[in-house]
Every structure is written in structure tokens, then in C-alpha cells.
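What's counted below: heavy atoms across the whole structure, side chains too, no hydrogens, waters or symmetry copies. FYI, the numbering just counts along the sequence from 1.
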Amino acid sequence: MSGTSLDGVDVALIETDGETVHVVKSHNNFLEPLGPTGYRGYSDEEKLLLRVATKDAEAIVQPGDRPGRLPEAEVFVTEAHAEAVERFLAENGLEAGDIDVIGFHGQTVIHRPDHRISVQIGDGQALANRLGIPVVSDLRRADVEAGGQGAPLVPVFHKALAEASGFTGPVGILNIGGVANATLIDSKGGVIAFDTGPGNALIDEWMQEREGKNLDDGGRTAARGRPDEPLLAWLLTHPFFFRKPPKSLDRNWFSHKLAGQLSTEDGAATLTAFTARAVARALDHAPEIPTRWIVAGGGARNGELVRLLNYHLRSEITTADAIGWSSAYLEAQAFAFLAVRSLKNLPITFPSTTGVREPIGGGSLARPEA
């Protein structure tokens, strides 16, 4: 998984039949990890290439279009994922034959489902050929072409993991990557899911511009500032927040430059509060208010953001790591799960998660060529 935060490639190994995941509870009811994980970070030069490619992607009209530096970026993304898997296998004493399938998300460069476009660059066939392992990629396209939002894709995994962990609803699972998304499971097992709004992307871009840092470590900069309340009130009038789910957000709909007149600390505080309050707005659409929230993704490591979520959600909040899940690798695990579902022709998106008319499968399978 390489997400909208553009920080690197997450690798995770799980064992699943595509319907259940296998977790082990220790003596104190703490869940053991699903399997080993790995990471291949992007250099500053590589991040710049992806940012430029994302900008060039605004000219995409058809899913196959690759204007500007997108062809170069697509080769890089494929090679970076291959390197990540090769290193992971070596570090864990594994061989290609030990792996049944790879779920390859690719790098999202544009997401406009209302125009039936969601493009994740990365060559699944080239990856399969290099690694000698079958690859499932392009997991969003079928849903978008069928009129769905193409996101979020992880709710079916969230539900399986919650069931394996013995959690009963109402529970909310919040993943805060570049964009934040929520899965809400009610007490009868019903699921709705949607993007809540910006996640870490605006905060990260703000810190990069103001301080030359990749993120607000622990939310310490935001904690020293004061949010601009009029700006926040205006941001939350965006039509996205009034739309009923399912709904998804293009990473580029909001810009950190909206806080450009503020000090570094106040801007960080405002953008962090924006993420938290956008999540709180999700409760407007909840059939049942979650009594427990599990927070994953990079945002789970932002102490100030978690503090604000505690204040606005007024429910029990825990991080994924605190219960034995993985805050950092939950999405990588999810795409492994989705790849197996794709192999078995099981649905990966549903009317209540993406707005597609009926549950459908997805993904394109590439087998290694001789």
C-alpha cells in the first residue's frame, strides 16, 4: 500500500480465506499481530516526482491517460513496490513460492468518481513478472465504472477484523491517512463507510512548507497554536460535508494554503482541528453513535489529533496498536485481504460503502509470464 500521504510503501503479510482473518488472543485478551510487516520509504526526490505526477494527473480524461511525468512515476512506483517486497521476503526468510498473491494498490494520482475516473498508477503485470508472484491490482476501477465512489475499499476488511476480535457494534473504525475514512458497524452488523474529509495530507504539506518537515511529530506544533475559528467554520460549509454517504474525497479538494495567513503553530492547529471536526461531522450520518472508536493510520500517532477526537467524538477512543491491531499497516493488510477476495470472485464493494448499485468484485489479476 502506498497512500495519499506519499511517504512510502507499506508491506504486510496475512493469512486469510478472503472471508475471515486469523487473530490470536494472548492471556490478557491482547490481539497478536496478523503477520510480519515491512516498509520502504520514499526519498525527498521520489516524493517530489509523485507530487508532480499528481499535479500532471489533473489533465487525465480517460483512465488510461498518462500525461506529463506520469509514465516515469508509474515505472518508479512499480519498482519501489518490487523493492519493498523483495526486501520483505529476504528479511523474513521467505521465498516467492511462499506467497499466493500480492494485493497491489498502486499510487492514487486522481480520484474523481463522479466522472468515472480513479487512477492508481503502477504496472501489475510488470510487478508480477519481476517477483514471480501473482498480483491483483486496479481494485477501484470496477466499482467506479459501475457508478460507485471507488472508496473506501477497506470496510469489508474492517468488519472481518472486528468480528475476529470479538467486537460488537456500534463501533467506528477510523483510518487517518492522507484522507480520513470511517467504517461504522452497527449493533446488528450493518456497515456504512465513507471518507470523512482530509486526514494528514494538509497538516503534512503545511509542515513541509513552513518547517521543511514531513509531518507534525506527535502534533506538538498544533498543540502550541490556536485554531482560527472563522476559517474552520467556513471550511466546514463545504458541500462535501452535507452529502449523505457513501461519498469519497479527492485529496486535492482542500489545500493547506487556505491557512496561509496564519502563523506556523496556528495553521497547524487549524488544519488539525479541521481533520478532527470533519470526523465528528460523520456522526450526522451514523445510524447508531459508536460507543467505541478504533483509530488507525498515521493520524493515530498524532497526539494532538487524538486528543481533539476524544473531545469531539465523546466516545471511548483507542488506537489500533493499543488493541493489537496495526495502526501503520492496517491498509496494507486490507489490500492483501481484498486480493484474496478478488481471486475468489467475492464482492469487495457494497451499496453502503461506495454507493455502487449492488455488491461487486474487482481487481485485475496478473500472473507471472514465463
Side-chain angles (χ1 to χ4, degrees), residues 3-8 41-48 50-52 54-55 174-182 195-238 240-241 249-283 293-315 317-322 327-328:
T4 51
S5 293
L6 303 180
D7 54 354
Y42 293 150
S43 68
D44 289 342
E45 183 178 353
E46 291 166 346
K47 291 177 184 177
L48 179 60
L50 293 178
R51 290 192 187 101
V52 171
T54 301
K55 185 69 175 176
L174 177 65
N175 185 74
I176 308 176
V179 171
N181 59 72
D195 288 345
T196 61
N200 304 312
L202 303 188
I203 304 166
D204 293 348
E205 289 167 355
W206 179 261
M207 295 303 296
Q208 179 66 42
E209 182 175 290
R210 290 298 182 99
E211 301 265 314
K213 299 177 180 178
N214 290 326
L215 75 167
D216 183 8
D217 190 12
R220 295 181 182 88
T221 303
R224 294 195 300 270
R226 296 183 63 181
D228 184 316
E229 292 296 339
L231 176 57
L232 278 171
W234 178 74
L235 287 170
L236 289 166
T237 64
H238 190 283
F240 175 80
F241 300 111
L249 182 73
D250 188 297
R251 183 184 189 275
N252 299 316
W253 279 3
F254 295 98
S255 170
H256 68 287
K257 295 184 183 298
L258 289 165
Q261 78 281 8
L262 302 177
S263 69
T264 298
E265 291 79 7
D266 288 353
T270 301
L271 296 174
T272 303
F274 182 32
T275 293
R277 295 189 197 183
V279 173
R281 289 288 294 271
L283 298 180
W293 283 88
I294 301 163
V295 182
R301 299 191 295 273
N302 184 322
E304 178 65 6
L305 178 54
V306 172
R307 184 189 72 80
L308 291 172
L309 289 171
N310 264 296
Y311 176 79
H312 290 291
L313 297 178
R314 301 190 183 281
S315 301
I317 293 181
T318 184
T319 64
D321 290 329
S327 290

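Annotation: side-chain hydrogen bond (donor to acceptor under 3.5 Å, both in side chains) contacts of D216 (sequence neighbours excluded): T221. Every residue two or more places apart in sequence or in another chain that forms a side chain to side chain contact (heavy atoms under 4.5 Å, CB included) with D266 is listed here: R226, L262, S263. For E209, the side chain to side chain contact (heavy atoms under 4.5 Å, CB included) criterion is met by H256, K257, not counting sequence neighbours. Under the side-chain hydrogen bond (donor to acceptor under 3.5 Å, both in side chains) criterion, T319 pairs with no residue at all, not counting sequence neighbours. For the side chain to side chain contact (heavy atoms under 4.5 Å, CB included) test, residues two or more places apart in sequence or in another chain that qualify with A282 are F194, T196. With sequence neighbours excluded, the residues forming a side chain to side chain contact (heavy atoms under 4.5 Å, CB included) with T237 are W234, listed by chain and number. Considering only residues two or more places apart in sequence or on other chains, R220 meets the salt bridge (Lys or Arg N to Asp or Glu O under 4.0 Å) condition with D217. By the ring pair (Phe, Tyr, Trp, His ring centres under 6.0 Å) test, H238 pairs with F254, sequence neighbours left out.
With hydrogens and angles ignored, the 3.5 Å screen pairs a side-chain donor or acceptor of T275 with a backbone N or O of G199. Between the side chain of D195 and the backbone N or O of L249, at least one donor-acceptor pair lies under 3.5 Å. Judged by distance alone, with hydrogens and angles left aside, the side-chain atoms of S315 form a donor-acceptor pair with the main-chain N or O of L313 at under 3.5 Å.
Between L6 and Y42 the shortest heavy-atom distance is O-CD1, 3.6 Å. Here the closest non-hydrogen pair linking A273 and P227 is CB-CB, 4.2 Å. For the residue pair G299 and V306, the shortest heavy atom distance occurs at O-CG2, 3.9 Å. For the pair W206 and L271, the tightest heavy-atom approach, listed with the atom from each and the gap, is CB-CD1, 3.6 Å. Smallest separation of non-hydrogen atoms from L235 and F274: CB-CE1, 3.7 Å. In terms of heavy atoms, G41 sits closest to E46 at O-OE1, 4.0 Å.
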**Request:** Determine, step by step, whether N200 and I176 satisfy the side-chain contact (heavy atoms from CB on, under 4.5 Å) criterion, reporting the C-alpha distance in whole Å, the side-chain angles of both residues, the deciding distance to 0.1 Å, and the verdict.
**Result:** CA-CA 7 Å; N200 304 312; I176 308 176; 3.6 Å; yes

**Message:** What verdict does the side-chain contact (heavy atoms from CB on, under 4.5 Å) test give for I203 and L215, after you've listed the backbone C-alpha separation in whole Å, the side-chain angles of each residue and the deciding distance to 0.1 Å?
**Reply:** CA-CA 7 Å; I203 304 166; L215 75 167; over 6 Å; no

**Request:** Could you go through the side-chain hydrogen bond (donor to acceptor under 3.5 Å, both in side chains) check for D228 and T270 one step at a time?
**Result:** CA-CA 6 Å; D228 184 316; T270 301; 5.7 Å; no

**Request:** May I have the step-by-step check of side-chain contact (heavy atoms from CB on, under 4.5 Å) for L48 and E45, ending in yes or no?
**Result:** CA-CA 5 Å; L48 179 60; E45 183 178 353; 5.7 Å; no

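Taking 4.5 Å as the limit, every side-chain heavy atom of D204 sits out of range of all side-chain heavy atoms of M207. Under the 4.5 Å side-chain criterion, counting only non-hydrogen atoms from C-beta, L174 is in contact with V279.
Applying the side-chain hydrogen bond (donor to acceptor under 3.5 Å, both in side chains) test to pairs two or more places apart or on separate chains, those with a residue in residues 293-306 are E304-R307. Sequence neighbours left out, the pairs with a member in residues 272-283 that pass salt bridge (charged side-chain N to carboxylate O under 4.0 Å, His left out) are E229-R277, R281-D284.
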